[in-house]
Structures are given as C-alpha cells and as structure tokens.
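Side-chain atoms are counted along with the backbone in the values below, which use heavy atoms only and exclude waters and symmetry mates. Remember, it's 1-based here, ligands and their atoms both numbered in the order they're listed. The structure presented is a predicted model; accordingly, all values stated were derived computationally and were not measured.
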Amino acid sequence: MRIFSGIQPTGVLHLGNYFGAIKQWVELQEGNECIYCIVDYHALTNESMVPEEMRRAKESLALDLLACGIDPEKSILFVQSDVPQHTELCWILGCVTSYGDLTRMTQFKQKAKEQEFVNAGLFYYPVLQAADILLYLADHVPVGEDQLQHLELSRRIARRFNYRFGELFPEPQPILSKGARIMSLADPSRKMSKSYGPDHYIGLMEDEKSIYKKIRSAVTDMGLQPGQEMSPGVANLFLLLELVAPAEVVEDFREKHKAGKLLYKDLKETLYRYLMEYLAPIRERRRELEEKGEIREILAAGAERARRIAWEVIREVRERVGLS
Ligand code: TYM
C-alpha cells in the first residue's frame, strides 16, 4: 500500500493525535511505502498562528514524530511547504470540487461559527488535504475519526478528476485505529483537541504533574446505575487504559465497575501509572533526538524524496488537464 497522512504543526502533540493517528503511522511503516507530512500550509488557516511559533512548532513536531518511532530510513517525513506542488495540485483539484460539497464540511462550519474573521483558506482547507493525498497517488490514509468527512471528499474529488480527465488517482481509503476518537478529559462530549484550551488535551511531552492533575480531575459520573450505559467520561478513561495497560488489568477494572465496586480514583491512578510507563521511552528518545540536532537535514532529505514523486504526478496532471 502507498500510505499518506498529515498533521498540523500547532505546537503540541497530544494523546488524541498519538492514539488516533501516529501510532498507526509507525506500525504501517513495516511493509508499506509511507509518506508523512507536517502540513504547515494548513496551519496557516489558524488565525492565532505566529510566524516564529510556526517555525519552532514544525521542528518540534518533527522531533516528536521521530521520538514516537517514525523512521526516516523507512518513511518519507517532510514539511508540506517544501513541496510547492501541493498548492499547484490544490488549485487544479479546486476546479473539479463542488462548491456545495465544501459548504457541507462540518469542520469548516464549526470553525466558521467560532470565529469572527473566517479566512478563505479555511473554506479551501479540504481541497488542499485532497491534494496532499492525491499528489502521491496514495491509496490509504491513517487518520482519526474527525478526518473521515475530509477523506470522503477526497474520494469524490479523485472520482470527478478521473471521470473528466481519465483514470489517474486512486480513491483513498481511511485506516482507523482503536483510538480513532479520544475525548477531552475535562469535557468528554468533545474530542481531545488543542483548540478548546489546555484542560482539554494531554501532551505527550507534558510535565508529569500536569498530566496527573488532568487525569485526577477527569469528568466521571455518580457510578454505574442499573440498566445504564457507561458515561462518556468513564468510557474514555477505560479506552485510554486499554491502550496503555495489559488486558488483565483492564478486565479487572471492568469487572469491578460492573459490580459497582470501582473507585474512580483507583482507575485514574492506575491509568496515570500505565500511561507514564508507556510514554517514558518516547519522552526519553525525544530528549536524545533534540541533543543530536539533525532534524533540519532529515526534513530536507524527506522533502527531496517527496518532490521527486510529486513532480512526476504533477507533470502527468498538467498534461491531462491541458496545461502542458
Ligand atoms: P490534525 O493535525 O488535527 O490531527 C492529526 C491526526 O490526529 C488525529 N486526531 C485524533 N484522533 C483521535 N482522537 C482525537 N481526539 C484526535 N485529534 C486529532 C486526526 O484525525 C489526524 O489524523 N486535516 C488534518 C491534517 C491533514 C491531513 C492531510 C491528514 C492535512 N492533510 C492529508 C491526512 C491526509 C488535521 O488537521 O489533522
């Protein structure tokens, strides 16, 4: 399979990003051709992004990704704006994208509701995402659940291009993991995300005390009532526990919960312990990589490899549509 996926350099890599996407990125490196992109053009749609912070965030995110296990020998890791063909293909694909489809994107509608100044980049965002994927003729895209609508649109765009200009792009399929939808601990009705503020996410490299505090104050409920389902906050804690602890430990907690004997304090303490154990090697590697200071060279080499593929595809696209 040819795998492509992207992530925005918005400052902090959190557990939602990791369990929803990055963990799969790492696993898929075995036996597939993987291309992973730090999408800085997309991040520009964020009104509060400061130029200095953007420069810092890109390198920091690249280090985080390597620490998680992305191996630049196996995968292509690069920054989107180092490959200008992304924006060229974005424009061309925009011309086979339905305006109506873009108005129906829920992420756009949500963001447009939340801010006063709505830039056109936000509206065009999903076309650029389609261009990212199709530029490498990728057929599979590991993402969290919040990206499914954008992927559906990428398939529609691919189909429409192929119909008008002849079969070229595969219709990219999502790969979802068990952690495809990690919720905020402070408000489990929303996904874990940086945009709601620091209480709503846990960073992989965050200070231990701060992580402890966030887990201890996670929203739960008054205990399982007969005939009721687990509340979203408790379900989210169980999901996180499943992702970091051995199956027997999870099973034991589930039994206690069913029997009405579970103290949420114990669940939280245990989750904290296993999570820190899980994150320890990643955090350690992150420190080592930072000291090595090779990140710029790694990204430059990644961009070089990405450009080679992108150039071939864009040449073909230009010919198909009559630009050359
Ligand atoms: P971004 O940067 O918001 O998130 C990166 C990845 O993390 C996943 N994710 C989550 N998964 C589970 N639970 C959560 N709470 C959670 N929060 C984030 C996202 O689904 C994503 O997989 N538009 C994309 C970036 C992008 C892209 C692409 C992705 C640009 N071009 C091409 C795939 C292919 C985004 O904003 O992701």
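- The local environment of CZ in R181 is sparse, with at most 12 non-hydrogen atoms from other residues, nucleotides or ligands closer than 6.0 Å.
- Counting only residues at least two apart or on different chains, the side chain to side chain donor-acceptor pair (under 3.5 Å) pairs with a member in residues 291-303 are E59-R296.
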Write 'none' if nothing qualifies; otherwise put on separate lines each N/O atom of ligand 1 with a protein N/O atom under 3.5 Å away and their distance to 0.1 Å.
| unit_1 | atom_1 | unit_2 | atom_2 | d |
| --- | --- | --- | --- | --- |
| ligand 1 | 2 (O) | Q8 | N | 2.9 |
| ligand 1 | 4 (O) | N17 | ND2 | 3.4 |
| ligand 1 | 7 (O) | N17 | ND2 | 3.1 |
| ligand 1 | 11 (N) | G16 | O | 3.1 |
| ligand 1 | 13 (N) | I182 | N | 3.0 |
| ligand 1 | 15 (N) | I182 | O | 2.8 |
| ligand 1 | 15 (N) | M192 | N | 3.4 |
| ligand 1 | 15 (N) | M192 | O | 3.0 |
| ligand 1 | 20 (O) | G144 | N | 2.9 |
| ligand 1 | 20 (O) | D146 | OD1 | 2.4 |
| ligand 1 | 22 (O) | G144 | N | 3.2 |
| ligand 1 | 23 (N) | Y125 | OH | 2.8 |
| ligand 1 | 23 (N) | Q129 | OE1 | 2.9 |
| ligand 1 | 23 (N) | Q147 | OE1 | 3.1 |
| ligand 1 | 31 (N) | D132 | OD2 | 2.7 |
| ligand 1 | 36 (O) | Q8 | NE2 | 2.9 |
| ligand 1 | 36 (O) | Y125 | OH | 2.7 |

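- Not less than 6.0 angstrom separates the ring centroid of Y125 from the ring centroid of Y41.
- Residues F108 and F123 bring their aromatic ring centres within 6.0 Å.
- At most 12 heavy atoms of other shown residues, nucleotides or ligands fall within 6.0 angstrom of atom NZ in K213.
- Ring geometry, Y36 versus W25: the interplanar angle falls under 30°, so the pair is classed parallel (tilted spans 30 to 60°).
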